[in-house]
Asks: 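Right, I'll just put the structure down here and ask away after.
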There are 2 protein chains.
Amino acid sequence: MDQIVPRTADVLPSAPEWRKSGPEAEERVVRLITEAIQQNRLQPGDRLVERELSDGAVANRQAVRQGLARLAQAGLVVLTPNRGATVVQYSPETIRQIMQARIVNEGAALRDLAETMDDAGRDRLVDILRREAAAYDDGRVTEARHLSRAFHATVMELAGNEMMTRFVNELIACQPLLGNSRTGKQSSFSGVIAHTRTVAALLRKDGAEAEAINTQLLLALEREFLREATAEPG
Amino acid sequence: MDQIVPRTADVLPSAPEWRKSGPEAEERVVRLITEAIQQNRLQPGDRLVERELSDGAVANRQAVRQGLARLAQAGLVVLTPNRGATVVQYSPETIRQIMQARIVNEGAALRDLAETMDDAGRDRLVDILRREAAAYDDGRVTEARHLSRAFHATVMELAGNEMMTRFVNELIACQPLLGNSRTGKQSSFSGVIAHTRTVAALLRKDGAEAEAINTQLLLALEREFLREATAEPG
DNA sequence: AAGCTTAAAATTGTCGACAATCGGAAAGGC
DNA sequence: GCCTTTCCGATTGTCGACAATTTTAAGCTT
């Protein structure tokens, strides 16, 4: 059984831990592209060529194809027949619709959560909030933004409705494509303030207030995105 | 250029209109399986074997695979590695979550629609409503159910938020997997009544009332599904 | 020089064969 | 007689090569 071609990926220590195939590979493709979008390394309109991805990246072409299909269904890329995948470009109307959908679903989650949140949930939110504030104070804007998204995602998860959680997570995932939030520092600041007040409202079991704060925050974000989208329509 | 193997699908008149490949083929797989589920020809737990689908059905194996992947992402089938696809079996908790998500999103849509609906939209809803009532009167339960789903889908579409429309459509699509509604006739009847009252409320621009009616309808449906799910858990 | 036609390069889409994996059935041991 | 182990059939997952399509670029005509 010791042999010349020793099932490469299993034996060689220099070989990477991950395989180039399987459901994991598809997942990796999705994650890498998503991260690239979140870091603005991929801009709206950029083409995603299968061969480049399967070469330079971490999977074979089939896994890349499946990953792109999933991203298309999630709405992060658009897949035109015989033309391949490109990063989506949202219209102002779509931006409004995305934020409205978040307002509705996160609002419902906050109302539920005000009644049902336990100490463990509170601790998780407070922890994220503290790290978000720290990242903001240290000027780590990217990390602050990431933690802000984690805050909203955690609210959904704690509310316990997996369907709505999945939906909102999709909406959050395409947030980096809505705009850079050039005024990053300021918007992060509003985020920290709003999240703090949201947690306070939740602890008072004041679901309506938590929802109202979150709605105002999302509307402010929407205004920023719309300003960017109309200012630089290229 | 006239030859022995004449690009089969293009020339032969006996050949089917559709090709066995392409994005259309994948779409066809999704549609056929969805319809089979809606007609209870596929029950929760049934296995979906790729070869059987690509043989008896209308696409090559690759299209079948992609179609199954999409159905899995939509939540209609579950895809276990190396085991293939099976029709999902929802837990009572998941049933609650699905209906709650519909209540939230359809409610928001109805509130918007009360303000913005024009005559064309009214006509579309009334038309569906009339056909639904006719189907119920004639005892065509399956068609009545289909039109009931169309009513809810059309409400979302008229409200104009594509994101929420897509989400609710997914939730509606898995309704046949929640239960048969053995009391089909009666639940269809409640549906017709509730939809009629919903349209009436919309025409009065009473969004809150429309939402309330719809919520009660969905909660009644949820109770039915839960009764079935707990009664016959096999 | 501008515009059209045609060829070639790049990219996606498709197919069949093979490899890996799982479930169950048969054989063997206690 | 029951449990464990091994093998086999069935099914999914993977890969490379080829076909179809689109885009790019050059060449030719006007």
Side-chain angles (χ1 to χ4, degrees), chain A residues 1 3-12 15-30 33 42 45-73 77-88, chain B residues 1 3-12 15-30 33 42 45-73 77-88:
Chain A
M1 278 288 174
Q3 71 300 54
I4 300 158
V5 179
R7 217 50 61 73
T8 316
D10 295 340
V11 176
L12 295 183
E17 282 305 311
W18 29 265
R19 291 167 153 195
K20 286 199 286 192
S21 58
E24 351 157 359
E26 177 189 327
E27 190 61 35
R28 200 164 42 240
V29 171
V30 171
I33 295 179
L42 283 175
D46 284 356
R47 286 189 61 180
L48 298 170
V49 179
E50 294 181 359
R51 182 67 189 272
E52 292 177 14
L53 295 171
S54 63
D55 273 359
V58 291
N60 58 33
R61 208 181 125 206
Q62 185 175 353
V64 169
R65 279 179 76 80
Q66 293 179 343
L68 289 177
R70 278 188 48 186
L71 287 169
Q73 196 168 351
V77 309
V78 57
L79 219 58
T80 44
N82 293 323
R83 292 279 317 272
T86 60
V87 180
V88 294
Chain B
M1 275 293 174
Q3 71 298 59
I4 300 158
V5 180
R7 215 52 59 72
T8 317
D10 296 340
V11 176
L12 295 183
E17 281 306 310
W18 29 264
R19 292 167 151 196
K20 286 200 286 194
S21 57
E24 352 156 358
E26 178 189 329
E27 190 61 35
R28 200 163 43 241
V29 171
V30 171
I33 295 179
L42 283 175
D46 284 357
R47 287 189 63 181
L48 298 170
V49 179
E50 294 181 1
R51 181 65 188 270
E52 293 177 13
L53 295 172
S54 62
D55 273 357
V58 290
N60 57 34
R61 203 180 133 207
Q62 184 175 352
V64 169
R65 277 180 77 79
Q66 293 179 343
L68 288 177
R70 279 187 48 186
L71 287 169
Q73 196 168 352
V77 308
V78 58
L79 219 59
T80 43
N82 293 322
R83 291 283 315 273
T86 58
V87 180
V88 294

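Quick note on labels: first sequence line is chain A, next is B, and so on, each numbered from 1.
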Asks: To the closest 0.5 Å, what do you measure between CD (B:Glu52) and CZ (B:Arg47)?
Replies: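 If we round to the nearest 0.5 Å, B:Glu52:CD and B:Arg47:CZ are 9.0 Å apart.
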Asks: Could you tell me which residues satisfy side-chain contact (heavy atoms from CB on, under 4.5 Å) with B:Arg61, sequence neighbours excluded, listed by chain and number?
Replies: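 Listed in chain order: B:Glu50, B:Ser54, B:Arg65.
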Asks: Nearest-Å distance, CD (B:Glu26) to P (C:dG13)?
Replies: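 Answer to the nearest Å: 11 Å.
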Asks: Between B:Arg70 and B:Glu27, is there a donor-acceptor pair closer than 3.5 Å when you use the side chain of the first and the backbone of the second?
Replies: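 Not at all, since once roles are kept as given, no pair shorter than 3.5 Å links the two residues.
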Asks: List for me each residue that meets side-chain contact (heavy atoms from CB on, under 4.5 Å) alongside B:Val77, sequence neighbours excluded, and say none if there are none.
Replies: B:Leu48, B:Leu71, B:Ala72, B:Ala85
Asks: Roughly, in whole Å, what's the span from CG in B:Leu68 to P in D:dT11?
Replies: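 In whole Å, D:dT11 P lies 14 Å from B:Leu68 CG.
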Asks: Rounding to a whole Å, what distance do you find between B:Leu79:CG and D:dT11:P?
Replies: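 Computing the B:Leu79:CG to D:dT11:P distance gives 16 Å.
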Asks: Does B:Arg65 place a side-chain N or O at less than 4.0 Å from the phosphate oxygens OP1/OP2 of D:dG13?
Replies: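 True: B:Arg65 side-chain N/O within range (under 4.0 Å) of D:dG13 OP1/OP2.
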Asks: Could you give the CZ-to-C1' distance, from A:Arg51 to C:dG13, as a whole number of Å?
Replies: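 Result: 15 Å.
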Asks: Please report, rounded to the nearest Å, how far the C1' atom of C:dG13 is from the CD atom of B:Gln62.
Replies: 7 Å
Asks: Looking at B:Ala59 and B:Val29, what are the two nearest heavy atoms and their distance?
Replies: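 Looking at all heavy atoms of both residues, the shortest contact is CB-CG2, 3.8 Å.
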Asks: Show me the protein contacts with nucleotides 22-24 of chain D, counting only N or O atoms at under 3.5 Å.
Replies:
from   : atom 1 : to      : atom 2 : distance (Å)
D:dT23 : OP1    : A:Arg83 : NE     : 3.1
D:dT23 : OP1    : A:Arg83 : NH1    : 2.7

Asks: Between B:Leu42 and B:Ile33, does a side-chain contact (heavy atoms from CB on, under 4.5 Å) hold up when you go through it step by step?
Replies: CA-CA 8 Å; B:Leu42 283 175; B:Ile33 295 179; 4.0 Å; yes
Asks: Rounded to whole angstroms, how far apart are CZ on A:Arg61 and C1' on D:dT14?
Replies: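 Checked: the CZ to C1' distance equals 13 Å.
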Asks: Between atom CG in B:Leu48 and atom C1' in D:dT11, what is the gap in whole Å?
Replies: 13 Å
